[in-house]
Trainee: 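Below is the structure I would like to discuss, written out as structure tokens.
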Amino acid sequence: MSDHKNHLDHAYKLETVDATRDFYADWAATYDAEIVENGYATPARCAQAVAKFASADALILDTGCGTGLSGLALKAAGFSKIDGCDITQEMLAGAQDRGLYRNLWLSDPNAPLDISRGPYNVIAAIGVIGNGAAPISFFHEIVRKMASDSYFVFSFNDNTLADRQYEATLSNVVDSGGYNLLFREYGPHFPKRNMNSNVYVLHRL
Ligand SMILES: C[S@@+](CC[C@H](N)C(=O)[O-])C[C@H]1O[C@@H](n2cnc3c(N)ncnc32)[C@H](O)[C@@H]1O
């Protein structure tokens with residue numbers, strides 16, 4: 001296993017699905033310690049943002065749930081009906097241990113997103129889409145799968161924002177009609193590293 005102190009430094013250099021999965025499998029055991037140590041603030045910001053719009057009894061799918069830090073933040077914001085999925089079995093094992101998810105499953109990044117346990121009032125992708133994790137095609141897949149009158153809460157960190165395709169894609173979705181961007185706020189991601197993120201809440205009409 002590699003030195004856990006180095007995982008964050010390497011997370012933004014992953015180029016293939018296999019490399020991403022191997023990387024997170026290797027990181028799973030030390031992920032929480034390393035990112036909590038860096039002040040990981042995005043999950044709480046996302047959870048509080050979507051709580052402004054969705055009711056506490058909303059059914060949520062936490063995609064790329066990892067070890068469940070995003071689920072923990074959603075729970076702290078008042079939500080209790082949370083399903084989770086992730087492409088990395090080792091990360092998912094951490095989420096399982098938290099005992100806060102209704103259903104948890106291993107997802108296939110090359111297959112359509114499984115929303116069969118829904119309909120979901122909220123889909124979350126917290127710290128999931130961008131350089132070093134899920135590609136922009138995953139953003140499109142979630143947007144396509146949103147139920148009517150549902151919300152998508154997600155984040156793009158500074159590394160991802162530096163690549164203009166991510167926000168350009170979001171603008172195209174909003175401009176195409178049928179979706180409103182209710183919330184966008186720039187704020188802390190890893191404050192100990194002076195790294196920020198944008199948090200968004202998209203609503204499908
Ligand atoms: C930075 S972690 C975020 C985990 C959790 N949401 C959190 O906030 O702690 C990114 C997660 O996205 C998952 N992931 C990477 N590529 C993915 C993909 N194509 N589809 C779904 N999840 C993916 C990884 O396995 C990893 O658990």
Side-chain angles (χ1 to χ4, degrees), residues 4 6-50 60-77 79 82-98 100-101 104-115 122-145 152-160 166 187-190 193 195 197-200:
H4 84 269
N6 288 330
H7 275 99
L8 260 183
D9 293 328
H10 294 289
Y12 309 112
K13 298 169 189 157
L14 305 166
E15 283 179 0
T16 64
V17 167
D18 285 345
T20 303
R21 202 166 13 210
D22 288 351
F23 175 83
Y24 281 102
D26 186 56
W27 196 6
T30 54
Y31 174 88
D32 288 13
E34 185 177 354
I35 70 166
V36 168
E37 185 178 296
N38 280 283
Y40 189 35
T42 293
R45 292 177 50 228
C46 284
Q48 285 156 17
V50 74
I60 301 183
L61 175 57
D62 183 17
T63 68
C65 66
T67 60
L69 289 177
S70 39
L72 204 57
L74 289 163
K75 191 176 173 203
F79 298 107
I82 311 170
D83 288 351
C85 61
D86 199 281
I87 65 164
T88 307
Q89 183 61 57
E90 291 81 352
M91 295 291 278
L92 215 44
Q96 189 83 55
D97 287 346
R98 290 191 197 278
L100 64 85
Y101 289 94
L104 272 176
W105 63 92
L106 187 64
S107 51
D108 177 351
N110 300 310
L113 179 68
D114 179 3
I115 52 162
V122 175
I123 299 181
I126 298 174
V128 171
I129 299 169
N131 295 331
I136 197 68
S137 56
F138 191 57
F139 175 88
H140 283 295
E141 173 67 357
I142 292 175
V143 164
R144 243 193 324 267
K145 292 281 173 73
F152 175 24
V153 59
F154 60 101
S155 60
F156 292 153
N157 66 28
D158 280 341
N159 275 293
T160 300
Y166 291 93
H189 181 61
F190 289 128
R193 290 177 163 239
M195 188 174 174
S197 62
N198 259 343
V199 162
Y200 309 85

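Here the structure is a predicted model, which means the values were calculated and not measured. First listed ligand is number 1; within each ligand, the first listed atom is number 1. What you see below is based on every heavy atom in this structure, not just the backbone, and it leaves out hydrogens, waters and symmetry mates.
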Trainee: Please set out all donor-acceptor pairs under 3.5 angstrom arising from side-chain atoms of residues 86-95, sequence neighbours excluded.
Mentor:
from : atom 1 : to  : atom 2 : distance (Å)
D86  : OD1    : T88 : N      : 2.9
D86  : OD2    : C65 : N      : 3.4
D86  : OD2    : G66 : N      : 2.8

Trainee: Is there a donor-acceptor contact under 3.5 Å linking the side chains of R45 and S197?
Mentor: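 Present: a donor and an acceptor within the cut-off.
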
Trainee: To the nearest 0.5 Å, how far apart are CG in D114 and CG in L61?
Mentor: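 That separation rounds to 8.5 Å.
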
Trainee: Please list, chain by chain and in numerical order, all residues satisfying side chain to side chain donor-acceptor pair (under 3.5 Å) with E141, sequence neighbours excluded.
Mentor: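 Only R144, K145 meet the side chain to side chain donor-acceptor pair (under 3.5 Å) criterion with E141.
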
Trainee: Keeping to residues at least two apart or across chains, list the salt bridge (Lys or Arg N to Asp or Glu O under 4.0 Å) pairs with something in residues 60-75.
Mentor: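 Applying salt bridge (Lys or Arg N to Asp or Glu O under 4.0 Å) to every pair that reaches into residues 60-75, excluding sequence neighbours, yields nothing.
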
Trainee: Show me a pair-per-line table, with atom names and distances to 0.1 Å, of protein N or O atoms that are under 3.5 Å from an N or O of ligand 1.
Mentor:
from     : atom 1 : to   : atom 2 : distance (Å)
ligand 1 : 6 (N)  : G64  : O      : 2.8
ligand 1 : 6 (N)  : S70  : OG     : 3.0
ligand 1 : 6 (N)  : I126 : O      : 2.8
ligand 1 : 8 (O)  : Y40  : OH     : 2.7
ligand 1 : 8 (O)  : I126 : O      : 3.3
ligand 1 : 9 (O)  : Y31  : OH     : 2.7
ligand 1 : 25 (O) : D86  : OD1    : 2.6
ligand 1 : 25 (O) : T88  : OG1    : 2.9
ligand 1 : 27 (O) : D86  : OD1    : 3.3
ligand 1 : 27 (O) : D86  : OD2    : 2.7

Trainee: Give me the ring orientation class for H189 and Y40: parallel if the planes are under 30° apart, tilted from 30 to 60°, perpendicular past 60°.
Mentor: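 Rings of H189 and Y40: perpendicular, over 60°.
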
